[in-house]
Amino acid sequence: MLIRIGNFDCTEVWEGVFYKKLSNYPQVTDWEIRTLIEFIEYEAKYGRDCVIECEDTKLLDEIQYKIAEREKYIHTQRPHLLTECTACPYRKGCLTEYVCHTTSVENAVKIFESGKLLSALKARNTSVDELMNEKRNAANDPADYFEYIMLAWGNCQAGDRLVMERKLERFPTDEDLSIHFTPGIRFYFKYDELAKHPNVVFEGVLPMKVKDEIMLSDWVYAIIIPTYLQDAVKNSIPNELKDRVIYMENDCKDIWDWSEKVYKMIESTEYKNK
């Protein structure tokens with residue numbers, strides 16, 4: 001796996017390259033060093049070596065030196081706000097108290113019926129080779145990625161964007177993400193709580209991911225369901241989860257507006273004290 005350090009639009013893995021955006025390039029934070037260490041260790045677990053590239057040779061030397069001092073950085077506390085990605089017009093970064101998994105209404109019904117979030121490998125009932133060769137695997141993710149439930153930061157819109165992409169079977173346009181935007185269903189978790197899951201993994205790209213399954217009754221904090229999907233899912237929701245469901249009207253101008261509205265609900269004092 002190739003790691004490229006730079007001032008990219010965001011941090012992501014695409015076709016065997018980990019594009020690591022630094023929040024203040026060419027400066028690197030202790031948290032960013034921690035995530036690089038986690039990524040290298042995760043890749044090594046699956047037999048993949050990593051090579052780091054950076055146009056700034058002084059910065060490259062600094063990063064490699066710090067990575068070698070693992071114990072000094074691996075326990076770095078996450079910041080409240082991460083500014084590697086500043087695409088969000090409201091928060092100018094990723095808030096880290098909550099993580100979420102977003103899915104389509106069809107998948108949500110299956111999730112409610114089983115009471116679990118499942119990895120793609122467990123949920124799709126197909127071979128990992130077939131999953132890897134599907135058109136939807138545009139990033140050419142390796143086999144092990146399908147063994148995990150992926151989680152994004154709580155105020156991120158990427159999950160809804162992916163739901164739209166799979167619904168449309170193409171990359172969404174600005175119009176798709178505004179006047180034609182249809183939100184998915186979001187499952188929210190407290191970062192500090194889900195971090196205790198026995199199968200949690202920190203791999204430096206996502207906030208975290210969990211192998212195989214997450215039992216919702218044990219871990220989920222809240223479930224946000226757009227009101228237009230209420231009739232499609234309400235009969236599938238288990239009794240033990242009903243008090244964690246919030247129905248919300250999509251009266252927003254676009255995907256960013258929706259993400260902000262949802263996150264305000266999740267972080268609100270009123271909801272926490274329900």
Side-chain angles (χ1 to χ4, degrees), residues 1-44 48-70 72-100 137-142 145 150-162 165 171-174 177-178 191 201-209 254-257 259-260 263:
M1 185 72 73
L2 176 62
I3 302 173
R4 285 188 176 153
I5 310 292
N7 190 24
F8 308 112
D9 290 336
C10 62
T11 289
E12 64 177 345
V13 175
W14 195 266
E15 292 193 340
V17 180
F18 178 26
Y19 296 93
K20 179 62 178 177
K21 175 183 170 64
L22 301 186
S23 56
N24 188 28
Y25 185 87
Q27 307 300 316
V28 62
T29 67
D30 290 357
W31 171 260
E32 289 162 348
I33 293 294
R34 172 182 161 170
T35 60
L36 287 166
I37 292 169
E38 288 172 336
F39 182 81
I40 291 166
E41 292 183 347
Y42 175 85
E43 292 298 303
R48 296 187 291 268
D49 294 328
C50 291
V51 176
I52 305 176
E53 289 183 355
C54 181
E55 291 183 357
D56 188 316
T57 55
K58 183 179 177 181
L59 174 60
L60 179 60
D61 289 343
E62 177 188 354
I63 288 171
Q64 290 177 327
Y65 176 81
K66 288 181 175 179
I67 286 173
E69 294 189 300
R70 179 188 186 277
K72 184 176 178 180
Y73 297 97
I74 196 62
H75 303 294
T76 300
Q77 293 297 305
R78 75 187 188 282
H80 172 69
L81 178 71
L82 298 174
T83 56
E84 291 178 26
C85 176
T86 56
C88 173
Y90 295 95
R91 308 291 180 136
K92 304 300 182 184
C94 302
L95 293 167
T96 65
E97 186 177 356
Y98 301 93
V99 295
C100 74
N137 184 23
N140 286 327
D141 290 336
Y145 280 38
M150 310 295 188
L151 295 141
W153 294 116
N155 67 315
C156 185
Q157 47 70 49
D160 274 309
R161 183 184 292 267
L162 184 59
E165 180 182 323
F171 288 116
T173 64
D174 289 343
L177 299 176
S178 53
Y191 181 101
V201 169
F202 301 94
E203 39 75 280
V205 185
L206 301 168
M208 63 178 73
K209 59 187 184 183
D254 57 22
I255 191 172
W256 304 104
D257 207 26
S259 293
E260 176 65 9
Y263 197 79

Taking the side chain from [X] and the backbone from [Y], do they hold a donor-acceptor pair closer than 3.5 Å?
{"X": "N155", "Y": "L95", "value": "yes"}
{"X": "D141", "Y": "V13", "value": "no"}
{"X": "Q157", "Y": "D160", "value": "no"}

Practice problem: With the side chain counted from C-beta on, respond yes when N7 and L22 share a heavy-atom pair under 4.5 Å apart, and no when they do not. | Solution: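 Answer no - side chains too far apart.
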Quiz item: Heavy-atom distance under 4.5 Å between the side chains of I52 and I40, does that happen here?
Solution: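 A side-chain contact exists here, since the closest heavy-atom pair is under 4.5 Å.
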Could you work out, with salt bridge (charged side-chain N to carboxylate O under 4.0 Å, His left out) as the rule, every residue matching [X], not counting sequence neighbours?
{"X": "E53", "result": "R4"}
{"X": "R34", "result": "E38"}
{"X": "K21", "result": "none"}

Rounded at 0.5 Å granularity, tell me how far [atom1] in [X] sits from [atom2] in [Y].
{"X": "Y191", "Y": "M208", "atom1": "OH", "atom2": "CE", "result": "4.5 Å"}
{"X": "Q64", "Y": "I33", "atom1": "CD", "atom2": "CD1", "result": "10.0 Å"}
{"X": "I255", "Y": "S178", "atom1": "CD1", "atom2": "OG", "result": "10.0 Å"}
{"X": "L36", "Y": "I3", "atom1": "CG", "atom2": "CD1", "result": "6.0 Å"}
{"X": "I67", "Y": "C50", "atom1": "CD1", "atom2": "SG", "result": "9.0 Å"}

So, using side chain to side chain donor-acceptor pair (under 3.5 Å) as the criterion, who are the partners of [X] when residues are at least two apart?
{"X": "N140", "answer": "E15"}
{"X": "R48", "answer": "E43, D144"}
{"X": "E41", "answer": "R70"}
{"X": "E62", "answer": "K66"}

Set of residues satisfying ring-ring contact (aromatic ring centres under 6.0 Å, His included) with respect to [X], sequence neighbours excluded:
{"X": "F18", "value": "F39"}
{"X": "F202", "value": "none"}
{"X": "Y25", "value": "none"}

Self-check item: Side chains of D257 and Y90, donor plus acceptor under 3.5 Å
Solution: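 Distance-only check passes for D257 and Y90.
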Show me the side-chain donor-acceptor pairs of residues 78-85 shorter than 3.5 Å, one per line, residues at least two apart or across chains.
| residue | atom | partner | partner atom | Å |
| --- | --- | --- | --- | --- |
| R78 | NE | T96 | O | 3.0 |
| R78 | NE | T96 | OG1 | 3.4 |
| R78 | NH1 | D192 | OD1 | 3.0 |
| R78 | NH2 | T96 | O | 3.3 |
| R78 | NH2 | D192 | OD1 | 3.4 |
| E84 | OE1 | T11 | OG1 | 2.8 |
| E84 | OE1 | K20 | NZ | 3.2 |
| E84 | OE2 | K20 | NZ | 3.0 |

Exercise. Please list, chain by chain and in numerical order, all residues satisfying side chain to side chain contact (heavy atoms under 4.5 Å, CB included) with P26, sequence neighbours excluded.
Key: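 By the side chain to side chain contact (heavy atoms under 4.5 Å, CB included) rule, P26 matches D56, L59.
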